[in-house]
Amino acid sequence: MGKKYWLIKSEPNAYSIDDLVKDKRTHWDGVRNYQARNFMRDEMKTGDKILFYHSNANPPAVVGVCEVVKEAYPDFTAFDSKDKHYDPKSKKENPTWMMIDIQIIEKLNRPVTLEEIKQNPKLKNMRLVKRGNRLSVMPIEKTEFNEILKMSNR
DNA sequence: GCCAACGTTGGC
DNA sequence: GCCAACGTTGGC
């Protein structure tokens, strides 16, 4: 039951690390990609560590660390016709989409930019730097997690 | 704002 | 089941 490590993306316009610092804890709703859903539903466990990444940002960067505090349960925003992430195909009896709860651990002293990550040979296998990757929830290695934390303290 | 990469949809 | 059309993501 080894702890797993993850990276999740968020557009800071929609929900930033500062929002998470303010809220302390939030539900990670709105994921509408099956692969990302499967990671949340099947593999993300309480206590797993997560890098929080700002996408569509200037610059795009890892900006914080958080952890899973509640394992997968139905994403209720899919049931709400007024919600941006409404999905009429997801039924309450058999929900298509799931979410988890996360809690802040820390905002990084210094963001670790995508550019720096690309330049670090130790991080060349991360999905984040692979061509065309658009997954908003992805697994990472413990060594990669630790390396990025190290970079933020440089 | 552009556009490549990718996922989803729907006609056939 | 194929695949063109379309929508979205996300770096630049």
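Just so we're clear, the structure is a prediction, and the values are computed from it rather than from any experiment. Chain identifiers are assigned alphabetically (A, B, ...) following the order of the sequence lines, protein sequences preceding nucleic acid strands; residue numbering begins at 1 within each chain.
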Base contacts versus sugar-phosphate-only contacts with protein, heavy atoms under 4.0 Å: please encode nucleotides 2-12 of chain C as B, S and - from 5' to 3'. -----BBBBBS
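Both R131(A) and Y34(A) sit near DNA chain B, but only R131(A) has its closest nucleotide nearer the 5' end.
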Which atom pairs, donor and acceptor, lie under 3.5 Å between side-chain atoms of residues 39-50 of chain A and protein residues at least two apart or in another chain?
from, atom 1, to, atom 2, distance (Å)
R41(A), NH2, N38(A), OD1, 3.3
T46(A), OG1, E71(A), OE2, 3.2
D48(A), OD1, K4(A), N, 3.1
D48(A), OD2, W6(A), NE1, 3.0
D48(A), OD2, K45(A), N, 3.0

What do the steps show when you test R25(A) against D101(A) for salt bridge (Lys or Arg N to Asp or Glu O under 4.0 Å), and what is the final call? CA-CA 7 Å; R25(A) 172 177 176 146; D101(A) 286 359; 3.2 Å; yes
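With side-chain heavy atoms closer than 4.5 Å counting as contact, directly or through intermediates, the hydrophobic cluster containing F79(A) also holds Y73(A), F76(A), M99(A).
Ring pair Y15(A)/W28(A) is perpendicular by interplanar angle, where above 60° counts as perpendicular and below 30° as parallel.
Scanning both residues, T77(A) and G30(A), for their nearest heavy atoms gives OG1-N, 4.1 Å.
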